[in-house]
Amino acid sequence: MTTPDWLRLDAQLCFRLYTASRLMTRCYQPLLAELGLTYPQYLAMLVLWEGDGVTVKQLGERLRLDSGTLTPLLKRLQALDLVARTRRPDNERELAVTLTAAGRALRERAAEVPAAMLERVGLDAGEAAELVGLLDKLTTAAGRAD
């Protein structure tokens with residue numbers, strides 16, 4: 001029995017993940033364009049729709065983005081009147097990010113995106129859940145190894 005050549009590109013898990021990530025983001029683009037959002041903006045809005053009023057730090061931790069990346073993204077969402085950024089009264093150093101009425105209303109239109117994405121990529125809910133579980137396992141392990 002021969003051993004696989006682990007240095008072949010097609011044998012690399014990282015390449016499969018990188019390619020899948022780029023293609024998934026591209027699949028999202030037309031759906032998110034209808035909402036007026038980019039993919040990173042959509043991710044930020046998902047966090048806010050789960051729980052409004054998080055700090056910029058909490059949002060960055062959840063999205064795994066640093067403040068240098070997150071700040072311009074939030075400024076654009078604020079310019080779109082989807083979020084407001086305000087200093088927390090109990091701690092002036094912290095910025096809270098809250099949804100505006102328009103940001104809350106956008107959630108209803110965005111509710112169609114996940115099902116549309118599953119259809120676009122040809123996965124059913126069970127397959128998607130299985131894939132999410134495997135990716136969570138991989139992310140946890142990679143986070144520990146980092």
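Sequence positions, counted from 1, serve as the residue numbers for this chain.
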(request) Without swapping roles, check the side chain of Gln29 against the backbone of Thr25 for a donor-acceptor pair under 3.5 Å. (result)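 Here the side-chain-to-backbone pair does not exist.
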(request) Verify, without hydrogens or angle tests, whether Ser21 (side chain) and Leu17 (backbone) share a donor-acceptor contact under 3.5 angstrom. (result)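 Pair absent, no side-chain N/O of Ser21 close to backbone of Leu17.
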To the nearest 0.5 Å, how far apart are [atom1] in [X] and [atom2] in [Y]?
X	Y	atom1	atom2	answer
Leu46	Gln41	CG	CD	12.0 Å
Leu82	Leu48	CG	CG	10.0 Å
Leu37	Arg76	CG	CZ	11.5 Å

So, for [X] and [Y], which heavy atoms are closest and what is the spacing to 0.1 Å?
X	Y	value
Arg93	Arg87	O-NH1, 3.5 Å
Ala44	Leu59	O-CD1, 4.1 Å
Thr71	Arg85	CG2-NH1, 4.2 Å
Thr55	Glu94	CG2-OE1, 3.8 Å
Gly68	Pro72	O-CD, 3.2 Å
Asp81	Ala102	O-CB, 3.4 Å

Going hydrophobic residue to hydrophobic residue with side-chain gaps under 4.5 angstrom, can you get from [X] over to [Y]?
X	Y	value
Trp6	Tyr18	no
Tyr39	Leu135	yes
Leu118	Leu23	no
Leu138	Leu123	yes

(message) Working note: Thr139 + Asp136, criterion side-chain hydrogen bond (donor to acceptor under 3.5 Å, both in side chains); need CA distance, chi angles, decisive distance, verdict.
(response) CA-CA 5 Å; Thr139 301; Asp136 284 348; 5.3 Å; no
(request) Go through the steps for Leu31 and Arg120 under the test side chain to side chain contact (heavy atoms under 4.5 Å, CB included), then give the verdict. (result) CA-CA 10 Å; Leu31 299 172; Arg120 286 185 80 119; 3.9 Å; yes
(request) Give a yes or no on whether Arg107 atom CZ has more than 12 heavy-atom contacts from other residues, nucleotides or ligands under 6.0 Å away. (result)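 Not buried by this count: 12 neighbours or fewer within 6.0 Å.
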(message) Looking at Glu112, I want to see if its CD is surrounded by more than 12 non-hydrogen atoms of other residues, nucleotides or ligands under 6.0 Å.
(response)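 No, because the 6.0 Å sphere around CD of Glu112 holds 12 heavy atoms or fewer from other groups.
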(message) My understanding is that only one of Val54, Val56, Thr86 makes a side-chain contact (heavy atoms from CB on, under 4.5 Å) with Leu95; could you say which?
(response)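 Of all the options given, the one that passes is Val56.
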(request) Check Thr100, Val83, Leu99 against Leu77 for a side-chain contact (heavy atoms from CB on, under 4.5 Å) and give me the one that passes. (result)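 Option passing the side-chain contact (heavy atoms from CB on, under 4.5 Å) with Leu77: Val83.
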(request) Check the pair Val47 / Leu63 against side chain to side chain contact (heavy atoms under 4.5 Å, CB included), numbers first and verdict last. (result) CA-CA 8 Å; Val47 173; Leu63 295 174; 3.7 Å; yes
(message) Test: salt bridge (charged side-chain N to carboxylate O under 4.0 Å, His left out). Region: residues 46-61. Which pairs qualify, not counting sequence neighbours?
(response)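 As it turns out, the salt bridge (charged side-chain N to carboxylate O under 4.0 Å, His left out) pairs with a partner in residues 46-61, which skip direct neighbours, are Glu50-Arg62.
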(request) Describe, in one word, how the ring planes of Tyr42 and Tyr28 are oriented to each other, choosing from parallel (under 30°), tilted (30 to 60°) and perpendicular (over 60°). (result)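 Because their plane-to-plane angle lies in the 30° to 60° range, the rings of Tyr42 and Tyr28 count as tilted.
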